Structure formats: structure tokens, C-alpha cells
Participant: 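Have a look at the structure that comes next, please.
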Amino acid sequence: MLTKKMLIGGQWVDAAAGKTLNTYNPSNGEVFGQVPSAGAEDVDKAVAAARAAYPEWSGYTQEKRSNILRKIGAALRARAKEAAHLAAQEHGMPEELGFGPTMGACGNFEMAATYAHSIMGDFINNSSRSPNVMYCLDRVPIGVCALIIPWNLPLFLMSQKIALAISTGNTCVVKPPSTNSLVGLFLAEVVDSVEDLPKGVVNVITGPGSSVGNALASHPGVDAVGFTGSTETGVAIMQAAAPTIKKVIMELGGKNPAIIFPDANLDLAIESLGHHQFFNCGQACGSPGRYYIHESVHDEFIEKLLAVAKRQTLGDPTKKETTMGPMVSTEHFDKVMAYIDSGVKEGAKLLYGGKRWGDKGCFIEPTIFTGVTPEMKIYREEIFGPVAVTMKWSDEDEVIRLANDNTYGLTASIWTRNIARALKLGKRLTVGTFSVNAHNLICAEAPWGGVRESGIGKEGGKQGVLEYTEQKMITINLAE
Ligand code: NAD
């Protein structure tokens, strides 16, 4: 069994109360690791450590900070294979495929280092009030940030949040997901190995969300909360953060429409959508949640999607040939299976899959539903599993209405060779990001984030760096 400690103020510590939390290998259900289960006392210590480190870190030149971020990226790159192997065991992400997001995690530090360096303030001359008054807008860090991470891509998302937050001088306390905390503590080791980084800039504490996450979100010593996770938890965090008016950056759930037109390049569409449907077992916020397929190409598209489902290789995520590992946990396995049952009961056609795979672990067959209708639960709610939910459409206005008729607004894709049409329709979609002839093609430089119940603010790129800053106005009177 792998055990790790938490990182508070540069010290590797157990929880003050001595409590621990087990993590499991979802391929076989066995205990895989043990981490500290923090309590309120540990949260206080971690926040105090981050506050103590703030004056020094925020006072560094941007060049010095950016160089340190690049060193963290390089240190992670050197251990990327180890990270992907750990994630395969603790989370079930196939090692071969998990290597991509791991390299993306290294890129997050390099991206933030570069953008933080390019941030400029603003300047207002000849103000309406007096020609003798100048106003300067400075960009300053917010202070201590609590960063709360989900289990679905923990290394990538944790690296992104840490990089964005500390790049401009904030310090942070990070809470990795309780389901797979070891990956988070692995990243803490990598960060801590960079000697130039002052102790206490990055603190990582593990434990249940309901206690540790909540204590962080409500802590008076925390100035901002960066959260990625479910909308339900996002609401709880906003409520906890409200009494002390903390800034919140929320990356929440999605039920993402993919709209396929008669003139779409179906092979291109399937290559991308098929990949995102089954990558990480569909446990990705941006994976396609609802397929709207024009009736004239419906059958051909479904044939192609079926072929992608059939060629998935399920099994041990550490093996090179595996394309789909287990779901992350038994709880999540049960949740996804309940969605599949509800789809069947509500009358959708189960075209493929829908059953447990193998005799142990949390594996679910790649699954396709056709003939789904808008009142069904599988149509309205985020499944977060390898389950394709498809329906036919024939009227353009109606398909846009349907696509917008959901509480989420994360991302969408439109598949057509008529780019003008795609761009015009895309303007009518209520989402934070939409793609034309691509789905979820994220990159470190591009800001990502949803609207409505999918979130507040952006992560990634320059906008992501700016989210973790405030504007401070400086008034200068030139009168003598
Ligand atoms: P979750 O909301 O259950 O947990 C996320 C984190 O919050 C975990 O660290 C958890 O321990 C913590 N937490 C739980 N209750 C808390 C509370 N009351 N106060 C503070 N923290 C608490 O989410 P999950 O199941 O880990 O992740 C899946 C969800 O994340 C999906 O809805 C998915 O769409 C979303 N997600 C969104 C994005 C995005 O960029 N929009 C990216 C990845 C995942």
C-alpha cells in the first residue's frame, strides 16, 4: 500500500488528529493507498502557511516567479511517466492515453509563466475630472487561494489551478479529490522539489470535501476559491464563500450538444466525437452529452459510432493496448449504471453495451442509446460515463432551441462544411465555448469555462491568469 503525507508550510505531515483516508484501485477494488484525512486544525495551519508566504512571493519580480514556474513544469516533465502510471492505478485512466494530459499538466506551468510575464496594467490620461489627474490600473494578486480539485483529471486540473494562481503572486492551499488523492500528493512532491519556490506558497491537504473543502471555502483567511467539480458542490462552495465575499472561479458540469448537419464530414466527426465519448470512460466535463444527428445522415453516423464503441479495448489500464479502464470508483460506477437503467426504463433504445464488463472492478461497456427524447433523465442530466445519448433532428431552429434547453452551458460542437452557417448558429448557442468541426480541442493557451450552471470565469490562457488577479486603481494628482 502506498502512503503519502500532506504538504503544509514545506513540511510533510500527517493529519493533526491522526486520521487517514484510503484510496482504491478501481480495476480490482483493492485498497491502493492511504493519505491523511485533514480536519479544521490542518486547514487553519495550511491557510496560515499560505498567508505567511504571501508577502515574499507576491514581492518577487515576475521574471523570478516565471522562472520558478518553468522549473516546476520541467520537474513534472521529468516524472511524467511515473505520474501516468500512478493515475492508471489510482484512477483507472489508461496509461498510454493518460500520458497526453500529463504532458498538458507540464505545459500549464510553462503557459502561466509566459502569460503572467505579459500582463500589463492600464492607464487613463486626461480624465473627465481634471487634466491634472492620471489614473493607473495595476494588476495585483488576490491573496490566498483555495483550489479544490475533482477526480476526473486531477493532475491536469490541479497543475492548471496551481500554475494560474501562483504565477502572479498568489499563494494557495490545494485540496485534491478524496477518491484519488495520491496523484495530488505526487504533484505536491514535484512542486516541493523545486528548491527556489519558497515554502508555503503551495500547500496541499487531503481529506473529504464536506469537511476540508467546506472549511477552506468558508475560511476567513482565504481570499478566493478556484473550484472544478459538480454544479451541486459549486453551489455549496458559493454559499460557504458568501459570508466573507470571496471571489469564486467555478468550472462545473456540462451536458454538451454535438449537432451534426447533413453536409458534415462524418469521418472527421466520428474521429473526434468517438474519441471524446470514450476517452477516460466519458468522465470528462467536455465530453459529448447529447448528439443531435440530422435525420438524413442519422443511420450512417450511428453505424460509425457503433464501430468506435466496438473497437474499444477494456482492461488493465497499465497495459498499452487498453483504451478504456474502469470507472473511477464503485460509487460512480453505480451512478452511471443507474442512468443506463433509467434510459432503458424510459424507453430509449439501448443499441450497444450497457452492462458491467468483466467479473471485478468498476468497468462499464461502451454504451450507445438511440431514439432518446427530451423528457428522459439521460437526455437532461450529466451522466459522466461512456454513454452516448443520441437523437434525430430535421429543423434547424428546433435543434438550436433543444440544444439551449438545458441548465448547463459548457461547450458545444457543430459539424458542417458550411462554416458561415456554423458560425451564425454558434452565436445562438448559450455556451462558454463552441467548436466547429472539432469537439473539445482544448489547449493550454485557450481559455475554457462555461456559462449558466456550468460555471463562472475562465481557466487557461491569459484570461485564466487574469482571473486570479484584481485590478487596483492608483490616482495621481499632478497639481503642484
Ligand atoms: P465533486 O463536486 O463531487 O467534487 C469536486 C471536489 O470538491 C472534490 O475535491 C471534493 O472532495 C470537493 N467537495 C465535495 N463537497 C464539497 C463541499 N461541500 N465543499 C467543498 N468542497 C467539496 O465533483 P467530482 O465528482 O469530483 O467531479 C466531477 C464533476 O466535475 C462533473 O460534474 C464534471 O463536469 C465537473 N468538471 C468540470 C470541469 C470544467 O472544466 N468545467 C472539468 C472537470 C470536471
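Both ligands and their constituent atoms are indexed starting at 1 by order of listing. All figures in this text were calculated on a predicted structure; none of them were measured in a lab.
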Participant: Which of these, G213, S287, S211, has its nearest heavy atom closest to atom 21 (N) of ligand 1?
Facilitator: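 Minimum heavy-atom distance to atom 21 (N) of ligand 1 goes to G213.
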Participant: Which of these, I148, N256, T179, has its nearest heavy atom closest to atom 12 (C) of ligand 1?
Facilitator: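 Looking at heavy atoms only, I148 sits closest to atom 12 (C) of ligand 1.
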Participant: Please report which non-hydrogen protein atom sits nearest to atom 17 (C) of ligand 1, along with the residue it belongs to and the distance in Å to one decimal place.
Facilitator: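 Going atom by atom, the protein heavy atom closest to atom 17 (C) of ligand 1 ends up being G209 O, 3.4 Å.
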Participant: Strictly below 4.0 Å, N to O, side chains only: are D405 and R380 in salt-bridge contact?
Facilitator: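 Yes, D405 and R380 are salt-bridged.
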Participant: For E445, does the CD atom sit with more than 12 other heavy atoms under 6.0 Å from it, leaving out its own atoms?
Facilitator: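 Check passes, neighbour count above 12.
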Participant: Select one of side chain, backbone, both or neither to describe which atoms of E382 lie under 4.0 Å from any atom of ligand 1, heavy atoms only.
Facilitator: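 Only the side chain of E382 comes within reach of ligand 1.
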Participant: Determine, stepwise, if the pair H91 / N152 fulfils side chain to side chain donor-acceptor pair (under 3.5 Å).
Facilitator: CA-CA 8 Å; H91 158 185; N152 72 312; over 6 Å; no
Participant: Could you tell me whether T233 and ligand 1 have an N or O pair separated by under 3.5 Å?
Facilitator: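 Yes.
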Participant: Looking only at protein heavy atoms, identify the closest one to atom 28 (C) of ligand 1 and say how far it is in Å.
Facilitator: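 Here the nearest protein heavy atom works out to F384 CE2, 3.5 Å.
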Participant: Tell me which part of T228 gets within contact of ligand 1: side chain, backbone, both or neither, using heavy atoms under 4.0 Å.
Facilitator: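 The answer is both, backbone and side chain.
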Participant: Under a 4.0 Å N-O cut-off, is there an ion pair linking E95 with K81?
Facilitator: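 So E95 does not pair with K81 through a salt bridge.
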Participant: Please write down residue, atom name and distance for the protein heavy atom closest to atom 40 (O) of ligand 1.
Facilitator: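 Scanning the protein heavy atoms, the shortest distance from atom 40 (O) of ligand 1 goes to W448 NE1, 3.0 Å.
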Participant: Under the ring-ring contact (aromatic ring centres under 6.0 Å, His included) criterion, do W415 and Y291 qualify, and how do the steps go?
Facilitator: CA-CA 11 Å; W415 299 84; Y291 292 82; 9.8 Å; no
Participant: Where the closest heavy atom to atom 39 (C) of ligand 1 is concerned, which of C285, S218, G184 has it?
Facilitator: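 Of the listed residues, C285 has the closest heavy atom.
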Participant: If the cut-off is 4.0 Å to any non-hydrogen atom of I237, which atoms of ligand 1 fall inside it?
Facilitator: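 So the atoms of ligand 1 that pass are 19 (N), 20 (C), 21 (N).
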Participant: So, regarding L252 and ligand 1 (criterion: nitrogen or oxygen to nitrogen or oxygen, under 3.5 Å), is there a contact or not?
Facilitator: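 It does: an N or O of L252 is found under 3.5 Å from an N or O of ligand 1.
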Participant: Tell me the protein heavy atom at minimum distance from atom 27 (O) of ligand 1, and give that distance in Å.
Facilitator: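 Heavy-atom neighbour on the protein nearest atom 27 (O) of ligand 1: P150 CB, 3.4 Å.
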Participant: Can you sort out which atoms of ligand 1 are near N152, meaning under 4.0 Å from one of its heavy atoms?
Facilitator: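 In order of numbering, the contacting atoms are 43 (C), 44 (C).
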Participant: Using a 3.5 Å cut-off and no angle test, enumerate the donor-acceptor pairs between side-chain atoms of residues 435-442 and protein atoms at least two apart in sequence or in another chain.
Facilitator:
residue: N437; atom: OD1; partner: T416; partner atom: N; Å: 3.0
residue: N437; atom: ND2; partner: T416; partner atom: O; Å: 2.8
residue: H439; atom: ND1; partner: S413; partner atom: OG; Å: 2.7
residue: H439; atom: NE2; partner: G286; partner atom: O; Å: 2.8

Participant: Nearest 0.5 angstrom please: L21 CG to S178 OG, how far?
Facilitator: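 Answer for the CG-OG pair, L21 versus S178, is 6.0 Å.
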Participant: I'd like to know if R51 and D223 make a salt bridge, using a cut-off of under 4.0 Å between side-chain N and carboxylate O.
Facilitator: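 Yes, this pair counts.
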Participant: Can you tell me which residue and heavy atom of the protein come closest to atom 8 (C) of ligand 1, and the distance to 0.1 Å?
Facilitator: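 Result for atom 8 (C) of ligand 1: I149 O, 3.2 Å.
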Participant: Honestly, is K335 close enough over F384, meaning NZ or CZ under 6.0 Å from the six-membered ring centre and within 45° of the axis?
Facilitator: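 The answer is no, since K335 fails at least one limit relative to F384.
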Participant: Pick one: which of L153, L187, V183 meets side chain to side chain contact (heavy atoms under 4.5 Å, CB included) with M158?
Facilitator: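 Testing each of L153, L187, V183 against M158, the sole residue satisfying side chain to side chain contact (heavy atoms under 4.5 Å, CB included) is L187.
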Participant: Tell me which part of T231 gets within contact of ligand 1: side chain, backbone, both or neither, using heavy atoms under 4.0 Å.
Facilitator: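 Near ligand 1, T231 shows nothing, with every heavy atom at 4.0 Å or more.
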Participant: Just let me know how L157 lines up against ligand 1, side chain, backbone, both or neither, with a heavy-atom cut-off below 4.0 Å.
Facilitator: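 It is the side chain that gets close, since no backbone atom is under 4.0 Å.
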Participant: Got I249 and E251 here, is their nearest side-chain heavy-atom distance under 4.5 Å?
Facilitator: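 Answer yes - side chains close enough.
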Participant: Considering heavy atoms of the protein only, find what lies nearest to atom 11 (O) of ligand 1 and give residue, atom and distance to 0.1 Å.
Facilitator: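 The protein heavy atom lying closest is K175 NZ, 3.0 Å.
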Participant: Among protein heavy atoms, which lies nearest atom 25 (O) of ligand 1, and at what distance?
Facilitator: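 Going by distance alone, atom 25 (O) of ligand 1 is nearest to W151 NE1, 2.8 Å.
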Participant: Provide, to 0.1 Å, the distance between atom 23 (O) of ligand 1 and the closest protein heavy atom, together with that atom's residue and name.
Facilitator: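 Of every protein heavy atom, S230 N, 3.3 Å lies nearest to atom 23 (O) of ligand 1.
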Participant: Closer than 4.0 angstrom: is that true for some heavy atom of G455 and an atom of ligand 1?
Facilitator: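 For ligand 1, residue contact (heavy atoms, under 4.0 Å) with G455 is absent.
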Participant: Hey, are E189 and R79 close enough for a salt bridge, meaning a charged N less than 4.0 Å from a carboxylate O?
Facilitator: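 Yes, E189 and R79 are salt-bridged.
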